[in-house]
Protein chains: 2
Amino acid sequence: MNIQHLIDKGLKLKNYPKDAVIYEPGMQPRFVYFIKSGEVRMITVSDEGKEFIQGVFKTGQYFGEPALLIDRPYLAFTIANKDSQLIVVNKEDFFKLIKNEPDFSMELIRTLSKRLFYKSMMLEELASEKADHRLLTIINYLLGDINVGENLKVTRQELADMTGLRVETVIRGIKILAEKGLIKILKGKIVKL
Amino acid sequence: MNIQHLIDKGLKLKNYPKDAVIYEPGMQPRFVYFIKSGEVRMITVSDEGKEFIQGVFKTGQYFGEPALLIDRPYLAFTIANKDSQLIVVNKEDFFKLIKNEPDFSMELIRTLSKRLFYKSMMLEELASEKADHRLLTIINYLLGDINVGENLKVTRQELADMTGLRVETVIRGIKILAEKGLIKILKGKIVKL
DNA sequence: CCTCAAACATGACCTAGATCATAAATTGGT
DNA sequence: ACCAATTTATGATCTAGGTCATGTTTGAGG
């Protein structure tokens, strides 16, 4: 189950420029989106305008299934982080995919499990832990994706939007974590060691 | 795909008395648990001992798959809320179930999607909204499961453990919501109207 | 190598909700 | 119906982190 496979099947490709909104809260879901190229962020926005990053999806990944599968309006905005090419798969085709491609079905189950795992972890953090602990947890989580010596390409604002904190708190928190030796900062960037 | 079907297949049934621990954080997952009877709560506990209710599972439901599927140690405790009979399905049998029973596989995908939806909603609440808003959100969510005139069989402590708040805050918050007419209280219990 | 916007940084408050203490009201088991 | 345990209630503090204000540093594009 890969993107090329979907293209071969004649599914439509759609272009979204950076910052384009793919869907908004309240909309009834009709498609699942596979990312051929680019990157997308899924965010919820509170009444007071505070943003929370629910997830980031990159080339090769897909998004939008849960709402479609349980037939409930979207909760989040999905916005292109960069110019992106998405394969738009409608409901029937997506269901066919699940039915006829056992590998895809298994892969989907694993993907949903992984996301659930991440959300459970974050819920525990937001519900029970204080700023520094929260910060250290996402930082370590994000460091898992990169190699030793590399640094996190994430702004403090983004960390704030992933943890429910405010930038100032993230800035102060990161300094404390660095002082305690729990993370390593180089030129302002968090590096994996 | 139902419980009887699993029993017919000769899968083992295990009894857990009220308050028995089914699994703990850090354990490597080996089984998926189907609830024949009883009820189970999944909770995470912070270093300072604060509990957070990740989910409650009832007769006919199952739990423990995500960690098993992605092969990561459990994050949570799972504890019997009442005396419970569980069908313990090992990894291979569970994978067979997914492969050979297309209906089950679809059902699982829907179940995971539903849980993901709930967790996304709660994450947004915990990250961005203040006490009263959070409270109103889970209350309305919980009211969705019962009939008009019935009341929520949930203590304020449990609401606290689902929202990351403290009992006192929940008690005060509920009073405010009732005063504003956003919920109805009868004999201390929240009723659906 | 400039320039300007974005990203960091830091100090001085302020407030929602935690914490602590104490007591009244329900509930369930015998 | 009674008693112990649990749950609800309320007032008095305290504090982590939000908010606001005002810099400084960094880095991408001309």
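Quantities reported herein were computed from a predicted structural model and do not represent experimental measurements.
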Problem set entry | Geometric class of the B/Y62/B/F34 ring pair [parallel <30°, tilted 30-60°, perpendicular >60°] |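 Answer is tilted, since the angle falls between 30° and 60°.
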Problem set entry | Parallel, tilted or perpendicular, as decided by the 30° and 60° cut-offs, for the rings of A/Y33 and A/Y16 | perpendicular
Give the rounded distance in Å between these two atoms: [atom1] of [X] and [atom2] of [N].
X	N	atom1	atom2	answer
A/I171	C/dA6	CD1	P	16 Å
B/E158	D/dT6	CD	C1'	12 Å
B/Q157	C/dA18	CD	P	12 Å
B/K187	C/dA24	NZ	C1'	13 Å

Exercise. Should B/T155 be listed as having a side-chain N or O under 4.0 Å from OP1 or OP2 of D/dT7?
Worked result: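 Answer no for this pair, as no side-chain N or O of B/T155 is under 4.0 Å from OP1 or OP2.
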Exercise. Do any side-chain nitrogens or oxygens of A/K175 fall under 4.0 Å of OP1 or OP2 in C/dT10?
Worked result: yes
For this session: Go through the N and O atoms of the side chain of A/R172 and the base of D/dG18, and report whether any donor-acceptor pair is under 3.5 Å.
Result: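 In this structure, the two groups form no donor-acceptor pair.
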Seminar exercise, completed: Assert: residue with more 5' nearest nucleotide on DNA chain D, out of A/L165 and A/K189, is A/L165
For this session: Could you pick out which residue, A/E129 or B/E168, lies toward the 5' side of DNA chain D when each is mapped onto its nearest nucleotide?
Result: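 Checking each residue's closest nucleotide, the 5'-ward one belongs to B/E168.
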Exercise. Would you call A/N81 and A/F57 a side-chain contact if the rule is heavy atoms closer than 4.5 Å?
Worked result: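 No, every pair of side-chain atoms sits at 4.5 Å or beyond.
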Exercise. Would B/E107 and B/T111 count as having a side-chain donor-acceptor pair, cut-off 3.5 Å?
Worked result: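 Distance-only check passes for B/E107 and B/T111.
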